Amino acid sequence: CHVDIAEFVCELMAPRCDRSTARIEAPCRSWCEEVRAACKDEDDWPSSFPPCDVIESRGDSDCLQGSVSSRDDDCYHGKGANFMGRHTQTETGRNCTDWESHVYETATFP
């Protein structure tokens, strides 16, 4: 139901740990929401699986957002909350806007 579901479940159940900083690298809540939304109609989705709100809401740089290697440059999954892209320039050579700047947040539109 989602290209990254196996990786997400593994990262949620056994998160990575950076030994040099003792920091746990857990999945982002937005990644959880993306996977759950994609799989909501699946019969095999376990009802005992924890809801996404149990995942601490962190900044995008403080959590795992899904596999970059399984995504291509022109696609995103779910609502695209975790799509980071790999391009730095437009086809005309202009620099792309940094994803983390949130310049184009839909909440700013009427």
Side-chain angles (χ1 to χ4, degrees):
C1 58
H2 189 283
V3 67
D4 290 333
I5 191 167
E7 180 181 0
F8 170 76
V9 171
C10 287
E11 295 291 355
L12 184 65
M13 298 302 167
R16 299 176 199 186
C17 181
D18 183 338
R19 291 176 189 238
S20 64
T21 62
R23 186 173 80 82
I24 294 173
E25 298 176 353
C28 294
R29 183 183 296 186
S30 60
W31 188 19
C32 178
E33 291 167 349
E34 178 181 309
V35 171
R36 288 205 59 127
C39 299
K40 69 179 181 192
D41 296 327
E42 292 293 319
D43 294 334
D44 294 336
W45 188 258
S47 59
S48 61
F49 201 81
C52 297
D53 60 0
V54 301
I55 297 174
E56 181 181 337
S57 186
R58 305 176 180 190
D60 291 341
S61 61
D62 292 337
C63 57
L64 300 174
Q65 299 179 6
S67 172
V68 174
S69 63
S70 69
R71 298 163 188 235
D72 62 50
D73 292 340
D74 300 318
C75 292
Y76 63 89
H77 304 284
K79 293 182 179 179
N82 295 307
F83 179 71
M84 299 306 269
R86 296 185 192 156
H87 297 288
T88 57
Q89 289 188 332
T90 66
E91 291 178 358
T92 60
R94 296 183 70 182
N95 288 335
C96 295
T97 303
D98 183 21
W99 282 100
E100 293 181 0
S101 71
H102 301 283
V103 172
Y104 303 109
E105 292 288 337
T106 56
T108 62
F109 291 97

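Computed from a predicted model, the values in this text were never measured in an experiment.
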Check R36 against C52 and note the closest heavy-atom contact, atom names and distance. CD-SG, 3.4 Å

Heavy atoms only: give me the nearest C32-I55 pair and the separation to one decimal. CB-CD1, 3.6 Å

Applying disulfide (SG to SG under 2.5 Å) to C10 and not counting sequence neighbours gives none

Closest heavy-atom contact between I24 and P15? CG2-CB, 3.7 Å

Can you give me the closest heavy-atom contact between R29 and D53, atom names plus distance? NH2-O, 3.6 Å

State which residues pass side chain to side chain contact (heavy atoms under 4.5 Å, CB included) with E11; sequence neighbours excluded, sorted by chain then number. E7, R16, P27, W31, L64

Can you tell me which residue among R23, R19, E25 is in a side-chain contact (heavy atoms from CB on, under 4.5 Å) with T21? R23

